[in-house]
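A quick write-up on the structure given underneath.
Below, chain A is the first sequence line, B the second, and so on; all start at residue 1.
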Number of protein chains: 2
Amino acid sequence: MPTSTVENYLKQIYIDQPTDEATMMPMGRLASAVGVTPGTATAMIKTMTESDLVVYEPRTGVRLSPEGESLALQVLRRHRLVELWLVEILGLDWSEVHEEAEVLEHAISDKVLARIDALLGHPTVDPHGDPIPTADGDVVARAHTSLPRCETDKPLRIVRIADQDPEFLTYADQNGLVPGARLIVERRDRIADAVTIRVGGHDPITLGTSAAERLLVEPADGQTADPR
Amino acid sequence: MPTSTVENYLKQIYIDQPTDEATMMPMGRLASAVGVTPGTATAMIKTMTESDLVVYEPRTGVRLSPEGESLALQVLRRHRLVELWLVEILGLDWSEVHEEAEVLEHAISDKVLARIDALLGHPTVDPHGDPIPTADGDVVARAHTSLPRCETDKPLRIVRIADQDPEFLTYADQNGLVPGARLIVERRDRIADAVTIRVGGHDPITLGTSAAERLLVEPADGQTADPR
DNA sequence: TTTCTGACTTTGACAAGCCAAAGTCGCAGT
DNA sequence: ACTGCGACTTTGGCTTGTCAAAGTCAGAAA
Ligand SMILES: [Mn+2]
Ligand SMILES: [Mn+2]
Ligand SMILES: [Mn+2]
Ligand SMILES: [Mn+2]
């Protein structure tokens, strides 16, 4: 059984994988993701290599082994189910649940997790729209596009908010920018590096591209949204 | 903020206090309660003395300081609320919740605890009948007597089961020996060191004194039981 | 009063994590 | 090919929490 420290390293490596490529995560990036100095990360990764959780190439980076990935997915499943439980059952704000889940993800047993999963009706996405891995490690991620890459005047639906920062999440919530919300891109301004959108009944709002990139959307067509 | 190790030491010292006396817990007993060797306990208690959590007298024992007691009560509150949540909301068996709570008691934030408390309707006792300390550290324990010390043929009600062993708890549950259950002592046999009781609709059962001592009861009079 | 014994404390060692700072490596730019 | 620099690794040291084994003490037994 891995320690919670090891679980955190595994999770961060998993999350960093941008595509499904067998690409390596640089040690510096891992260190800052986990919140330790580079030397600490190097030492840790070496011992994790001993236990076959990762593949490490000095001066290149680190990648999960199959066993490592499987463990990472279990941690991620706990994290996201806990987040959803905190929001749906206990009524916490979606901006604050990430920090709480960061602790609880290491303390929830399989049995308790299974009960929470059932209580929530075997959900597939967490409050931020992130997919919840299944108990046997499958991730069914919905296809999505980054908002600034979308055409204007097409109906879109928010799939996911790719940012855990409480301030950003609070702002998003106040503007109706939650998973399932429908919106259209009204204008895209290359020079101002901004995007103007209109959400549901709200007034139009303008976001800088870097903020808009955190909003992942899908085409909404004429169909009804099925949120969560 | 104390580590979870420190929280465990504090909790064990608190639980050991038999009466409300300012008596000392011997180091050997503490060590085995926490599950470490005596040398480890001595070292730990010394550092806890530095932080004014305990009062330590070499070769005599250890006792909680006021600050230590306050922290211990917070841990105990978390433990017992979590146990009740596991039983009442998630439907786990009362025989298995102690172990689960042993981990979760260190991972639950004040905010989450407050929500769970509200969800449960601000309960006063846990699934085993142990009192749940209030948020500001009051413990309202109901008066009780150990079963073997009771008169025969008087109506009694179980207040508390003072044992966390899953086997014992499963046995108790199967025989209707749960908090709130009514029973009478049919016979007390000094020589056989046993007590025969009759619970609700069940057949009479005979318990050895040492097992019966784990059952804490109160007089039931004619009044209706108000369980929990 | 002296001795023995079991409970306790001390000592030395170890594992997991961590940091700071010194050392090394590879590659971008010349 | 050479030099620098930033990213990475190594080294030495620290903290927390633990055990095993050796040393000490107080009270029971003689
Ligand atoms: Mn999160
Ligand atoms: Mn999330
Ligand atoms: Mn318990
Ligand atoms: Mn209990």
Side-chain angles (χ1 to χ4, degrees), chain A residues 1-14 16-18 23-65 67-68 71-72 75 102-103 105-107, chain B residues 1-14 16-18 23-65 67-68 71-72 75 102-103 105-107:
Chain A
M1 308 301 102
T3 63
S4 59
T5 303
V6 169
E7 289 188 342
N8 283 330
Y9 278 81
L10 291 171
K11 195 182 59 168
Q12 292 304 333
I13 299 170
Y14 180 89
D16 191 70
Q17 296 177 345
T23 183
M24 310 232 96
M25 181 178 195
M27 298 304 286
R29 182 200 279 266
L30 172 59
S32 79
V34 176
V36 297
T37 60
T40 300
T42 299
M44 191 68 220
I45 288 303
K46 279 186 180 174
T47 80
M48 288 172 67
T49 303
E50 297 300 288
S51 354
D52 276 318
L53 296 174
V54 294
V55 177
Y56 170 52
E57 283 185 35
R59 309 211 109 96
T60 302
V62 67
R63 164 170 40 96
L64 292 175
S65 73
E67 308 92 281
L71 283 172
V75 180
E102 211 53 54
V103 179
E105 68 188 359
H106 308 294
Chain B
M1 309 303 101
T3 64
S4 58
T5 303
V6 168
E7 288 188 343
N8 283 330
Y9 278 80
L10 290 172
K11 194 181 61 168
Q12 291 304 333
I13 299 170
Y14 180 88
D16 190 72
Q17 297 177 343
T23 182
M24 309 231 97
M25 181 179 195
M27 298 304 286
R29 182 199 278 265
L30 172 60
S32 80
V34 176
V36 298
T37 60
T40 301
T42 299
M44 191 68 220
I45 288 303
K46 279 185 179 174
T47 81
M48 288 172 66
T49 303
E50 295 301 288
S51 353
D52 276 318
L53 296 174
V54 294
V55 176
Y56 170 52
E57 283 184 36
R59 309 210 109 95
T60 302
V62 66
R63 166 170 37 97
L64 292 175
S65 72
E67 308 92 281
L71 283 171
V75 179
E102 211 53 54
V103 179
E105 69 189 358
H106 309 293

Does some side-chain heavy atom of [Y] sit less than 4.5 Å from a side-chain heavy atom of [X]?
X: A/Glu105; Y: A/Asn8; value: yes
X: A/Val6; Y: A/Met44; value: yes
X: B/Val62; Y: B/Leu30; value: yes
X: A/Met27; Y: A/Pro38; value: no

Excluding sequence neighbours, so at least two apart, what forms side-chain hydrogen bond (donor to acceptor under 3.5 Å, both in side chains) with A/Thr37?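 Partners of A/Thr37 under the side-chain hydrogen bond (donor to acceptor under 3.5 Å, both in side chains) test: A/Thr40.
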Could you please spell out the steps behind the side-chain contact (heavy atoms from CB on, under 4.5 Å) verdict for B/Ile45 and B/Ile13? CA-CA 11 Å; B/Ile45 288 303; B/Ile13 299 170; 4.1 Å; yes
Polar-atom pairs under 3.5 Å, protein N or O versus N or O of nucleotides 24-26 of chain C: list them with distances, or write none.
{"residue": "C/dT24", "atom": "O2", "partner": "A/Arg59", "partner atom": "NH2", "Å": "2.9"}

Need one value for A/Gly39: base, sugar-phosphate or nothing, where a base atom within 4.0 Å counts as base even if backbone is also close, heavy atoms only.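 Contact class for A/Gly39: base.
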Base, sugar-phosphate alone, or nothing: which one does B/Thr40 contact when heavy atoms must sit under 4.0 Å apart?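 The residue B/Thr40 makes base contact.
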Which residue lies toward the 5' end of DNA chain C, A/Tyr9 or B/Pro38, if each is placed at its nearest nucleotide?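 Its nucleotide being nearer the 5' end, the pick is B/Pro38.
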Short of 4.0 Å, heavy atom to strand atom, which residues of residues 43-53 of chain A count as contacting DNA chain C?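 A/Met44 - these, ordered by number, are the residues of the stretch whose heavy atoms sit under 4.0 Å from the strand.
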Once you build an axis from the first five pairs and another from the last five of the helix from C/dT1-D/dA30 to C/dT30-D/dA1, how far apart in angle are they, to 10 degrees?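 End-to-end axis angle for the helix from C/dT1-D/dA30 to C/dT30-D/dA1: 10°, rounded to 10°.
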Using 0.5 Å steps for rounding, measure from the CD atom of B/Glu102 to the NZ atom of B/Lys11.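 Separation between the atoms: 3.0 Å.
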At the 4.0 Å heavy-atom cut-off to chain A, mark where contacts on DNA chain D begin and end, going 5' to 3'.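 So the contact region on DNA chain D extends D/dA7 to D/dT10.
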Which of the following nucleotides, C/dC19, C/dC18, C/dC8, is nearest to the side chain of A/Thr37?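 The nucleotide sitting nearest to the side chain is C/dC19.
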Taking all heavy atoms of A/Ala72 and all of A/Tyr14, pick out the closest pair and write down the distance.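 Result for this residue pair: CB-CB, 3.7 Å.
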Inter- and intrachain pairs under side-chain hydrogen bond (donor to acceptor under 3.5 Å, both in side chains), touching residues 41-58 of chain A, at least two apart: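 For residues 41-58 of chain A: none.
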Can A/Gln17 and A/Leu64 be said to form a side-chain contact (heavy atoms from CB on, under 4.5 Å), step by step? CA-CA 10 Å; A/Gln17 296 177 345; A/Leu64 292 175; 4.2 Å; yes
